[in-house]
There are 2 protein chains.
Amino acid sequence: MPLVKQIRRRGGLERLAKQHGLRLTRQRRLIFAILESAKTHLNAKQILEQAQRLEPGIDQVTIYRNLGVLKRLGVVDELDLLHLRGDQHYYEARQVRAHSHVACLACGKVFEFYTSAIKTIDRELEKECGFSVSFTRIEIGGQCAACRKSGREAPLPRKGKQAR
Amino acid sequence: MPLVKQIRRRGGLERLAKQHGLRLTRQRRLIFAILESAKTHLNAKQILEQAQRLEPGIDQVTIYRNLGVLKRLGVVDELDLLHLRGDQHYYEARQVRAHSHVACLACGKVFEFYTSAIKTIDRELEKECGFSVSFTRIEIGGQCAACRKSGREAPLPRKGKQAR
DNA sequence: ATGTTATTGCAACTGAGTTGCAACAACAGA
DNA sequence: TCTGTTGTTGCAACTCAGTTGCAATAACAT
Ligand SMILES: [Mn+2]
Ligand SMILES: [Mn+2]
Ligand SMILES: [Zn+2]
Ligand SMILES: [Zn+2]
């Protein structure tokens, strides 16, 4: 599941945590660093494994609890990526500009798509409904250009334990 | 979690199933009927419970398998609704017009939002990336007009077993 | 230095969704 | 209408992402 990601300026999470009165533990710093340097969307297990390289004792529950905090603060977004690979969720530090996640159902590739239409939706929602948008998650499924040319047709299992 | 839904023309799923060579079992017809008449987004458990009223022997595995088929055929969409209520997913028969799902993090209300910006995104993606869109899932979190006025501030637990 | 309290690790748990398999029933063809 | 084929079902056991309770630990304010 290769993809390109813009990297959030490092140190941002740490600064933000301080602002909210969070204690800067070794584990927390580590998780921040992993999220800020991630070049791909990571699920909790991947974050855990990466963290354990530097901090062997760290537990998955610490990962989940910190992801929970970061989600609530609105600095990390939780993604489903259409559950193409199973039931896990994926995480990414929120970027300056909102973007959509686009997944090819044929080859599994995921990429990010930037468009001003996201802002348009948010604006409409605020004006027409008086709704104050905190975050917008857009996930699109379909067939990528490469798979279209090669005629690959989405035989990819949409879910299941085997596809791990 | 009240909301208004457009009702899909009934019988559509049955016709479509026939076209794809699916056998019309009693259980399947029942699931189709439930999906086509749903006035709210249903999770698998709710579909099961509703089905068991008319078909007490029906098992959850039958629900899941049929939802799987319908997803693959592209006639039913799977939604997360931001996992505001836990880890389940929700299902709805695909409507003629695509729409976004908007959830208030303060009161839990979910509503549907129709905008031409969805088509815009799909069109851009096709033109700029050569990507052929099969479905677009847009889920937006924030604060609804009522909660804004009353000052309710999203103390709603974003997840967890207790919130069931 | 010390006390307060947020945070961690452990272990047991929860529950949505899946799997294997034998029994069943749609439905096409005779 | 009977019959064979095979898609579909129910059951039971399972998987695994994520959660909970609790005691031990460690930030960090004073
Ligand atoms: Mn999900
Ligand atoms: Mn809907
Ligand atoms: Zn592809
Ligand atoms: Zn509200």
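To find a chain, count down the sequence lines: A is the first, B the second, and so on, and within it residues start at 1.
Look at B:Asn43 and you won't find any side-chain N or O under 4.0 angstrom from OP1 or OP2 of C:dG17. One finds a side-chain N or O of A:Thr62 lying less than 4.0 angstrom from the OP1 or OP2 phosphate oxygen of C:dG9. An OP1 or OP2 oxygen of C:dA16 is reached within less than 4.0 angstrom by no side-chain nitrogen or oxygen of B:His89. Under 4.0 angstrom from either OP1 or OP2 of D:dT19 there lies no side-chain N or O belonging to A:Tyr64.
Atom CG of A:Asn66 and atom C1' of D:dT19 are 15 Å apart (whole Å). Residue A:Ile47 contributes atom CD1, which lies 13 Å from atom C1' of D:dG18 at whole-angstrom precision. A:Asp59 places its CG atom 13 Å from the P atom of D:dT19, with the value rounded to the nearest Å. Rounded to whole Å, atom P of C:dA6 lies 16 Å from atom NE2 of A:His20. Atom-to-atom, CD of B:Gln60 to C1' of D:dT15 comes out at 13 Å; the value is rounded to the nearest Å. Here the P atom of nucleotide C:dG17 and the CG atom of B:Leu48 are 12 Å apart, to the nearest Å. The distance from atom CG of B:Asp87 to atom P of C:dG15 is 11 Å, rounded to the nearest whole Å. Whole-Å rounding puts the A:Leu67 CG to D:dG18 P distance at 9 Å.
Between atom CG of residue B:Leu67 and atom OH of residue B:Tyr90 there is a gap of 14.0 Å, rounded to the nearest 0.5 Å.
Between B:His89 and A:His83, the ring planes are perpendicular. Angles over 60° get that label, and only those under 30° would be called parallel.
When heavy atoms are screened at a 4.0 angstrom cut-off, B:Gly21 is found touching no nucleic acid atom at all.
At a threshold of 4.5 Å between non-hydrogen side-chain atoms, the residues B:Asp80 and A:Arg137 count as touching.
Of the listed residues (A:Leu70, A:Val76, A:Val75, A:Leu16), just one forms a side chain to side chain contact (heavy atoms under 4.5 Å, CB included) with A:Phe32, and that residue is A:Leu70.
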| Letter per nucleotide, 5' to 3', of nucleotides 20-30 of chain C [B base touched, S only sugar-phosphate touched, - untouched; heavy atoms, 4.0 Å] | B----BBS---
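You'll find the ring centres of A:Phe113 and B:Phe131 outside the 6.0 Å limit.
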| request: Would you sort out whether B:Glu124 and A:Thr115 count as a side-chain hydrogen bond (donor to acceptor under 3.5 Å, both in side chains), showing the intermediate values? | output: CA-CA 8 Å; B:Glu124 289 176 347; A:Thr115 165; 2.5 Å; yes
| said: Between A:Glu78 and A:Tyr91, does the side-chain hydrogen bond (donor to acceptor under 3.5 Å, both in side chains) criterion hold? Intermediate values first, please. | reply: CA-CA 5 Å; A:Glu78 185 180 61; A:Tyr91 302 89; 3.1 Å; yes
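Toward the 5' end of DNA chain C, the nearer of the two residues A:Glu55 and B:Ala44, judged by each one's closest nucleotide, is A:Glu55.
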